[in-house]
Amino acid sequence: MDMQVLPLSFYWDMHVTDVAKSLLGKLLITNFHQQLTIGRIVETEAYNGVEDRASHAFGGRYTPRTKTMYAQGGCAYVYLCYGIHEMFNVVTGSENTPHAILIRAIEPVTGIAIMQQRMGKNKADYSIGRGPGNVTKALGIHRQHNGRLLTETDLYIADDGFKVLPTDIVITQRIGVDYAGEDALLPYRFFLKNNPYVSGKKR
DNA sequence: TCGGCGATTAGCT
DNA sequence: GCTAATCGCCGAG
């Protein structure tokens, strides 16, 4: 399998919504403590900078948490949600443009036994990698990885040549952002049609 | 300093 | 469909 690590320019050259779409089918790879786990990205959500009411950086909000969103595209933004779940995001754009993409679901590809163990499950099922909290749990991603560039050897995104046709992609509004008013209706969620690991509503 | 709440999940009704 | 779990963030005072 010929794998190409995505170059940083991948995160710089497109609008955040196009990067979110382009990330579908790519591989999210972690190799912490010689534990190689790979998941194919099957669901993403774009958060469009200071103008997006659903974004943590809306209105230019700059805090210890959101600081990472203002870093250069191609680094990880990991934060704690509801005091329980770690959320993994990919920062995009140039420095000082707080765009980010939430990885909402992966399809396990490699290291499934390890993911299963991290999830505390006896057998593999579709809940491994389904939902943003489960993505980080399965891949062992933690807040300690916040701000890391996604070109490191133990946390990166790669292309293995997997083809995604435009007709394979479903576009909907985002999940769990009702507080964002009209912006909650924006078509910023992308997922692979009929993929069983996709979370939430399927349309 | 304090209190409400969140880009969620699992388990129960 | 409803709710507890659990804690850091952040705006109000």
Side-chain angles (χ1 to χ4, degrees), chain A residues 11 15-17 19-21 23-24 28 39 41-71 73 75-93 97-108 115-147 150 157 170-191 195-203:
Chain A
Y11 308 101
H15 189 265
V16 64
T17 51
V19 180
K21 202 185 296 183
L23 281 174
L24 292 176
L28 177 53
I41 297 170
V42 298
E43 182 183 2
T44 61
E45 272 181 5
Y47 286 83
N48 187 27
V50 299
E51 62 187 72
D52 182 355
R53 296 193 101 86
S55 170
H56 291 158
F58 173 67
R61 177 191 277 167
Y62 187 89
T63 68
R65 179 175 67 159
T66 65
K67 186 173 186 274
T68 310
M69 297 180 77
Y70 292 82
C75 72
Y77 170 44
V78 187
Y79 72 94
L80 185 68
C81 187
Y82 289 97
I84 308 169
H85 307 290
E86 316 272 338
M87 302 285 199
F88 173 77
N89 297 253
V90 176
V91 174
T92 74
T97 62
H99 296 133
I101 297 162
L102 174 66
I103 306 302
R104 289 195 57 92
I106 55 149
E107 175 175 333
M115 297 192 212
Q116 210 175 293
Q117 191 173 28
R118 286 171 177 157
M119 300 283 296
K121 292 189 176 298
N122 297 319
K123 58 186 182 66
D125 61 40
Y126 292 137
S127 70
I128 297 179
R130 175 192 280 160
N134 289 330
V135 167
T136 54
K137 203 169 176 186
L139 295 175
I141 296 171
H142 188 270
R143 270 170 295 165
Q144 72 192 40
H145 302 113
N146 183 47
L150 295 171
I157 299 179
V170 182
I171 305 176
T172 72
Q173 59 194 50
R174 294 169 291 184
I175 293 179
V177 295
D178 292 346
Y179 59 87
E182 287 188 353
D183 288 353
L185 305 176
L186 292 168
Y188 285 179
R189 173 172 174 247
F190 308 90
F191 63 86
N195 187 288
Y197 292 91
V198 170
S199 70
K201 294 195 175 78
K202 302 298 189 285
R203 64 197 186 85

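Just the heavy atoms: all of them, side chains too, but no hydrogens, waters or symmetry mates, feed the values below. Chain identifiers are assigned alphabetically (A, B, ...) following the order of the sequence lines, protein sequences preceding nucleic acid strands; residue numbering begins at 1 within each chain.
As rounded to whole Å, 16 Å separates atom C1' of B/dA7 from atom CG of A/L185. Following rounding to the nearest Å, A/R174 (CZ) and B/dG6 (P) show an atom-to-atom distance of 15 Å. Rounded to whole Å, atom C1' of B/dA7 lies 15 Å from atom NZ of A/K201. At whole-Å resolution of the value, CZ in A/F190 and C1' in B/dA7 are 15 Å apart. Rounding to whole angstrom units, CG of residue A/N134 and P of B/dA7 are separated by 17 Å. Counting to the nearest Å, the P atom of B/dC5 and the OH atom of A/Y79 are 18 Å from each other. One interatomic measurement links the two molecules: NE2 of A/H56 to P of C/dG11, which rounds to 12 Å at whole-angstrom precision. Distance A/I103 CD1 to B/dT8 P: 14 Å, rounded to the nearest Å.
Rounded to whole Å, the P atom of C/dT6 lies 23 Å from the corresponding atom of B/dC2.
The residue A/R104 sits close only to the backbone: its heavy atoms come under 4.0 Å of sugar-phosphate atoms, none of a base. Counting non-hydrogen atoms under 4.0 angstrom, A/N89 reaches a base of the nucleic acid. Within 4.0 Å of A/M69, counting heavy atoms only, lies at least one base atom of the nucleic acid.
With contacts defined as side-chain heavy-atom distances shorter than 4.5 Å, the pair A/L23/A/I101 qualifies.
Below 30°, between 30° and 60°, or above 60°: for A/H15 and A/H99 the angle between ring planes is between 30° and 60°, a tilted geometry.
When the shell of 6.0 Å around CD of A/E182 is examined, it contains 12 or fewer heavy atoms from other residues, nucleotides or ligands. Remark: A/K67 NZ is loosely packed, at most 12 non-hydrogen atoms of other residues, nucleotides or ligands lying under 6.0 Å away.
The aromatic ring of A/Y179 does not sit over the base of B/dG6; the criterion of centres under 5.5 Å apart with planes under 30° is not met.
A side chain to side chain contact (heavy atoms under 4.5 Å, CB included) with A/E43 is found for exactly one of A/E107, A/R130, A/R189, namely A/R189.
One finds a side-chain N or O of A/R61 lying less than 4.0 angstrom from the OP1 or OP2 phosphate oxygen of C/dG11.
A/V170 approaches A/K202 most closely through the heavy-atom pair CG1-O, 4.5 Å. Of all heavy-atom pairs spanning A/N146 and A/Y77, the tightest one is OD1-CA, 3.4 Å.
With a 3.5 Å ceiling on both atom-pair distances, B/dA7 lacks any Watson-Crick or G-U wobble partner. Applying the Watson-Crick and G-U wobble criteria (two distances, each under 3.5 Å), C/dT6 pairs with nothing in any strand.
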Short heteroatom pairs, N/O only, protein and nucleotides 5-9 of chain C, under 3.5 Å:
from  : atom 1 : to    : atom 2 : distance (Å)
C/dT6 : O2     : A/Y82 : O      : 2.3

